[in-house]
Amino acid sequence: MDASTAIVTGIGLSQFTAGELQQGASVAGPIERLILLGIGEAAARSSALVEAVAMAAATNYARTLQWRPANRLTPRDLASEAVALAQTNGLESDVLERDRLEALGMGALLGVAQGSAEPPNVVVIRYGGRRRAGPILALVGKGITFDSGGISLKSTKDMRGMKADMSGAAAVIAAMGLIASRQPAMPVIGVVPLTENMPGGRALKPGDVVTSMSGKTIEVTNTDAEGRLVLADALWYATSLGATHIVDVATLTDAVGHALGHTATAAFSNDRGFLSRLYRASALAAERVWELPIHCEYDVVLRSTVADLQNLSDLPEAGAMAGAIFLQQFTAGRPWIHLDIGSSAINDRHELGQVVPLGPTGVMTRTFAHLPSFFDE
């Protein structure tokens with residue numbers, strides 16, 4: 001990212017406000033005109049600067065969704081947002097409701113949804129691309145619109161921010177609009193599984209076993225490790241739609257924050273070439289990505305005595321890696337990247353607030369927008 005693009009993107013990102021529900025809030029008006037001097041030929045730079053404005057606006061849209069209260073952004077509400085964005089950008093969309101999820105055998109997603117009065121759904125957004133044959137990219141975003149932890153209830157202090165447990169979904173939805181405007185040759189599919197994770201009389205209990213769309217059975221040892229359950233079905237569904245390359249993005253673990261803090265996203269992958277493309281996209285987006293390993297020795301920590309695998313390791317170590325190992329079981333061996341934004345999606349550290357804006361970041365929105373172009377080479 002060159003200096004002028006960085007300036008415009010940064011100024012655009014500064015226009016985000018978390019106060020959309022504040023009556024009479026004192027919020028500075030939008031910047032109507034920006035003059036840049038000394039950047040070279042204006043005509044040559046104009047398209048790049050227009051794109052920078054669009055990138056910032058889409059990121060701010062993702063941030064707005066992240067910060068919207070859960071009573072104002074249910075799974076149905078977020079599905080409506082996704083469908084509206086698709087219509088605005090000339091994209092195809094489909095919303096799979098409970099009857100279709102049951103018919104597809106998405107028992108892992110439906111299991112998480114059992115405790116909520118809000119019905120689950122899966123949103124699919126399609127960009128057709130210009131190429132008739134070749135790779136197809138799927139972007140899969142975790143969409144837990146509120147995560148109480150279920151029966152494995154979170155503490156009070158950890159629960160308030162759980163309206164943002166759909167940050168992966170927000171990034172995918174916002175990025176699909178950008179992808180449509182950039183018109184890469186590669187077809188792209190956005191897959192967004194949406195539900196709440198709530199306690200209740202019908203909620204999953206620790207020790208329950210669910211059957212995923214892939215047919216694998218999963219022992220639920222902790223209901224607060226629900227993100228990987230909904231992603232298991234969404235990843236497998238992406239393969240059934242013909243995706244040849246898959247990226248999932250999720251606020252999956254707290255453990256990733258101990259490794260990388262709030263200023264980088266962890267990446268796990270089974271394909272070096274695919275990961276290299278994502279690195280180049282993230283560099284253009286000015287979004288830090290750092291690879292963490294998948295060590296096969298840790299496969300054993302997800303073995304269950306009553307099912308094919310369990311959803312959470314009993315070990316207190318390598319939590320982010322164990323999450324990636326779990327998800328890899330549902331990729332059908334396709335080139336795949338898992339992005340854990342458990343810490344990079346939100347900055348809640350006031351000490352960092354001097355240099356990193358507090359609140360939602362919309363992370364990975366811009367990286368996803370750039371990624372398909374690296375398959376056009």
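Residues V230 and L96 share a single hydrophobic cluster, defined by chaining ILVMFWY side chains whose heavy atoms lie under 4.5 Å apart. L327 and V192 are not part of a single hydrophobic cluster, where members link through side-chain heavy atoms under 4.5 Å apart.
Judged by distance alone, with hydrogens and angles left aside, the side-chain atoms of N121 form no donor-acceptor pair with the main-chain N or O of R98 at under 3.5 Å. A donor-acceptor pair under 3.5 Å is absent between the side-chain atoms of E196 and the main chain of S116, judged by distance alone. Side-chain atoms of D165 never come within 3.5 Å of backbone atoms of F146 as a donor-acceptor pair (strictly under, hydrogens ignored). Formation of a donor-acceptor pair under 3.5 Å by the T217 side chain with backbone atoms of T211 is not found in this model. Side-chain atoms of R366 never come within 3.5 Å of backbone atoms of S282 as a donor-acceptor pair (strictly under, hydrogens ignored). Judged purely by atom type and a 3.5 angstrom limit, D248 has no side-chain atom pairing as donor or acceptor with the backbone of L231. For T223 (side chain) and I151 (main-chain N/O), a donor-acceptor pair under 3.5 Å exists by modelled atom type. Checked by atom type and distance alone, the side chain of E287 pairs as donor or acceptor with a backbone atom of T367 at under 3.5 Å. Judged by distance alone, the side chain of D94 and the main-chain N or O of V124 form no donor-acceptor pair under 3.5 Å. No donor-acceptor pair closer than 3.5 Å links the side chain of D340 to the backbone N or O of V249.
Heavy-atom minimum distance, L302 versus S313: CD2-N, 3.7 Å. Nearest heavy-atom pair across N311 and A225 is ND2-O, 3.1 Å. Between S304 and E219, the closest heavy-atom pair is OG-OE1, 2.6 Å. The two residues P193 and A234 have their closest heavy-atom pair at CG-CB, 3.7 Å.
Qualifying side chain to side chain contact (heavy atoms under 4.5 Å, CB included) partners for H258, counting only residues two or more places apart in sequence or in other chains: none.
No hydrogens or angles considered: nothing links the side chains of D376 and S373 as a donor-acceptor pair under 3.5 Å. Y127 and Q183 share no donor-acceptor pair across their side chains, judged by distance under 3.5 Å alone. The closest side-chain donor-acceptor pair between T74 and D77 falls under 3.5 angstrom.
Using a 4.0 Å cut-off between charged side-chain N and carboxylate O, R277 and D271 make no salt bridge. Looking at K142 and E226, a side-chain N of the basic residue comes within less than 4.0 Å of a carboxylate O on the acidic one, giving a salt bridge. Ionic pairing of E81 and R68 is present here: one or more N-O contacts between side-chain nitrogen and carboxylate oxygen are shorter than 4.0 angstrom. Salt bridge status for K154 with D147: present, with a side-chain N to carboxylate O gap under 4.0 Å. We find that E291 and R272 are joined by a salt bridge, their nearest charged nitrogen and carboxylate oxygen being less than 4.0 Å apart.
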*asked:* If you apply the rule side chain to side chain donor-acceptor pair (under 3.5 Å), what do you find for S212 with D233, and how did you get there?
replied: CA-CA 6 Å; S212 68; D233 281 342; 4.5 Å; no
_I136 vs M186, test: side-chain contact (heavy atoms from CB on, under 4.5 Å). Steps then yes/no._
CA-CA 6 Å; I136 299 173; M186 181 185 212; 5.8 Å; no
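Using a 4.5 Å cut-off on side-chain heavy atoms (C-beta onward), E92 and I125 make no contact. Side chains of P119 and P75 form no contact here, defined as non-hydrogen atoms less than 4.5 Å apart. The closest side-chain heavy-atom distance from H262 to R349 is below 4.5 Å. Side chains of T244 and P335 form no contact here, defined as non-hydrogen atoms less than 4.5 Å apart. Side-chain contact check for N89 versus M176: every heavy-atom pair is 4.5 Å or farther apart. Annotation: side chain of L284 is in contact with side chain of F374 (closest heavy-atom distance under 4.5 Å). Annotation: side chain of I173 is in contact with side chain of Y61 (closest heavy-atom distance under 4.5 Å). By the 4.5 Å heavy-atom criterion applied to side chains, M159 and L153 are counted as neighbours.
Classification of the F274-F375 ring pair by plane angle, with boundaries at 30° and 60°, yields perpendicular.
Within the structure, the ring pair (Phe, Tyr, Trp, His ring centres under 6.0 Å) test picks out the following pairs touching residues 314-333 (sequence neighbours left out): F326-F330.
Expressed to the nearest 0.5 Å, how far CG of N197 lies from OG of S148 amounts to 5.0 Å.
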